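To start, the structure itself, in structure tokens.
Since we're looking at a predicted model, the values are computed, not measured.
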Amino acid sequence: MIHLKNEREIQGLRASADLVGRTLGAVATAVRPGVSTIELDRIAESFIRDHGAKPAFKGYKVGREVFPATLCTSVNDEVVHGIPGETILKDGDIVSVDCGVLLDGFYGDSAYTFAVGSISDETQNLLATTYDSLMLAVGQATTGKRLGDIGAAVQELCEERGYGVVKDLVGHGIGRSLHEDPQVPNYGRAGSGRKLKTGLVICIEPMINFRSPHVRTDGDGWTVKTSDSLPSAHYEHMVAVRPGEAEVLTTFRYIEESLDVLPYKQFADAAHG
Ligand code: MG
Ligand code: MG
């Protein structure tokens, strides 16, 4: 069942979304060769709790599995749902950081793939294309468009460049629950699927693999990896469907401000989402 949000609810979601953006900004200041993913997790958890919110992923259950951390940190061939731990990030790695918060009854959810030190041009192109595909998809989240328009925007750009669009995992509605209807696939046919209505709030989150779209789940029960062990990127925004132009509730502004002070600024010319 789809729950369209009124302006008061969107106000609540805007606050949660902003906190996720600021948390990822705090994480961004620490992403560098030599840092462990559990250190990133500690930074995020303290930041969220210091702002009167709770980490949304910690304790999240799927079947009998309970997610143990604040962030999902997915390195290189890990697509999503990586568990923070003693893994030390190295120069040339990429790490996808997904963060969820619960603030005053409303969830926020956003993700960003960081370059660690300097990465290869081909990996940089994967990140840039995934990022661009998210922005194109966000541009489709307007009243009267269809879910297929969002998926098609991601799929067309990424497949045209030879990348694999993950189909086993999708975006979602969000509100007083972390995952609500509808599912928001990163593939589809323009003009098909459910019509988007004003007040629909969704997470659009392309997960794009360097080559094969196929994935498998690791023995830890959570970590999703590419089947060919090549890298994968993930960016996620929460958007409210509006007439004419979507309202992007999350922001990468804090992340990109943090990256500005580091020697390896990403996406120098990218518009802030
Ligand atoms: Mg997420
Ligand atoms: Mg999500």
Side-chain angles (χ1 to χ4, degrees), residues 20-47 69-99 110-135 158 161-164 166 205-212 215 218 220 223-226 228-237 250-273:
V20 176
R22 284 186 287 144
T23 307
L24 288 172
V27 169
T29 63
V31 174
R32 61 172 65 86
V35 76
S36 67
T37 52
I38 195 73
E39 286 173 72
L40 301 180
D41 196 73
R42 287 193 198 106
I43 290 167
E45 180 165 4
S46 317
F47 192 92
T70 293
L71 299 176
C72 297
T73 53
S74 308
V75 181
N76 296 334
D77 66 331
E78 296 173 354
V79 180
V80 287
H81 305 165
I83 302 173
E86 300 310 320
T87 306
I88 304 284
L89 298 177
K90 306 183 306 295
D91 188 61
D93 283 347
I94 56 172
V95 59
S96 301
V97 178
D98 197 344
C99 182
S110 182
Y112 197 92
T113 301
F114 296 91
V116 182
S118 71
I119 61 173
S120 69
D121 287 348
E122 55 182 15
T123 305
Q124 178 63 33
N125 289 338
L126 170 68
L127 267 50
T129 299
T130 307
Y131 185 101
D132 289 346
S133 77
L134 170 59
M135 298 309 167
C158 296
R161 298 192 184 170
Y163 297 128
V166 175
E205 47 180 318
M207 290 154 264
I208 307 301
N209 295 350
F210 191 75
R211 195 164 297 138
S212 165
V215 297
D218 200 61
D220 65 14
T223 312
V224 176
K225 294 182 170 182
T226 59
D228 57 11
S229 303
L230 292 170
S232 183
H234 178 214
Y235 293 87
E236 175 178 21
H237 265 323
T250 42
T251 178
F252 295 151
R253 182 158 44 96
Y254 305 106
I255 296 174
E256 288 165 0
E257 283 170 4
S258 299
L259 295 180
D260 278 348
V261 304
L262 298 175
Y264 47 88
K265 188 176 170 194
Q266 251 177 288
F267 308 121
D269 302 317
H272 287 152

*Side chains of Leu127 and Ile119: does their closest heavy-atom pair fall under 4.5 Å?*
yes
*asked:* Do Ile94 and Asn76 make a side-chain contact, defined as non-hydrogen atoms from C-beta onward lying under 4.5 Å apart?
replied: yes
*Could you pull out the closest heavy-atom pair between Val215 and Val79, with the gap in Å?*
CG1-CG2, 3.8 Å
*Is there a side-chain contact between Leu40 and Phe114, using heavy atoms and a 4.5 Å cut-off?*
no
*asked:* Do Ile208 and Leu126 make a side-chain contact, defined as non-hydrogen atoms from C-beta onward lying under 4.5 Å apart?
replied: yes
*asked:* For the CG atom of Asp220 and the NE2 atom of His81, what is their distance to the nearest 0.5 Å?
replied: 11.5 Å
*Between Thr23 and Cys99, which heavy-atom pair has the shortest distance, and what is it?*
CG2-SG, 3.9 Å
*Taking all atoms of both residues into account, what is the closest heavy-atom pair of Thr223 and Gly82, and its distance?*
OG1-CA, 3.8 Å
*asked:* To check you understand the geometry: which heavy-atom pair defines the closest contact between Tyr112 and Leu259, and what is its length?
replied: OH-CD1, 4.0 Å
*Distance, nearest 0.5 Å, that separates CD1 of Ile83 from OG1 of Thr37*: 10.0 Å
_Distance (rounded to the nearest 0.5 Å) between Arg253 CZ and Arg22 CZ_ = 9.5 Å
*Does any non-hydrogen side-chain atom of Ser133 lie less than 4.5 Å from one of Tyr235?*
no
*What are the two closest non-hydrogen atoms of Ser258 and Thr29, and how far apart are they?*
OG-CG2, 3.5 Å
*Examine distances only and state if a side-chain atom of Ser110 and a backbone atom of Glu236 form a donor-acceptor pair shorter than 3.5 Å.*
yes
*Taking all non-hydrogen atoms of both residues, which atom of Asn209 and which atom of Ser212 are closest, and how far apart?*
ND2-O, 2.8 Å
*Take Val95 and Val116 through the test side-chain contact (heavy atoms from CB on, under 4.5 Å) and record every step on the way to the result.*
CA-CA 7 Å; Val95 59; Val116 182; 4.0 Å; yes
*salt bridge (Lys or Arg N to Asp or Glu O under 4.0 Å) partners of residues 86-98, not counting sequence neighbours, each pair once*: Lys90-Asp93
*Side-chain (Ser232) to main-chain (Glu78) donor-acceptor, under 3.5 angstrom*: no
*asked:* Has Gln124 got a side-chain atom pairing as donor or acceptor with Asp121's backbone, closer than 3.5 angstrom?
replied: no
_I want to check something: taking the side chain as every heavy atom from C-beta on, are Asp77 and Pro231 in contact at a cut-off of under 4.5 Å?_
no
_Pair Thr113, Thr130 - check side-chain contact (heavy atoms from CB on, under 4.5 Å), show working._
CA-CA 9 Å; Thr113 301; Thr130 307; over 6 Å; no
*Do Glu122 and Phe210 have side chains that get closer than 4.5 Å, going by heavy atoms?*
yes
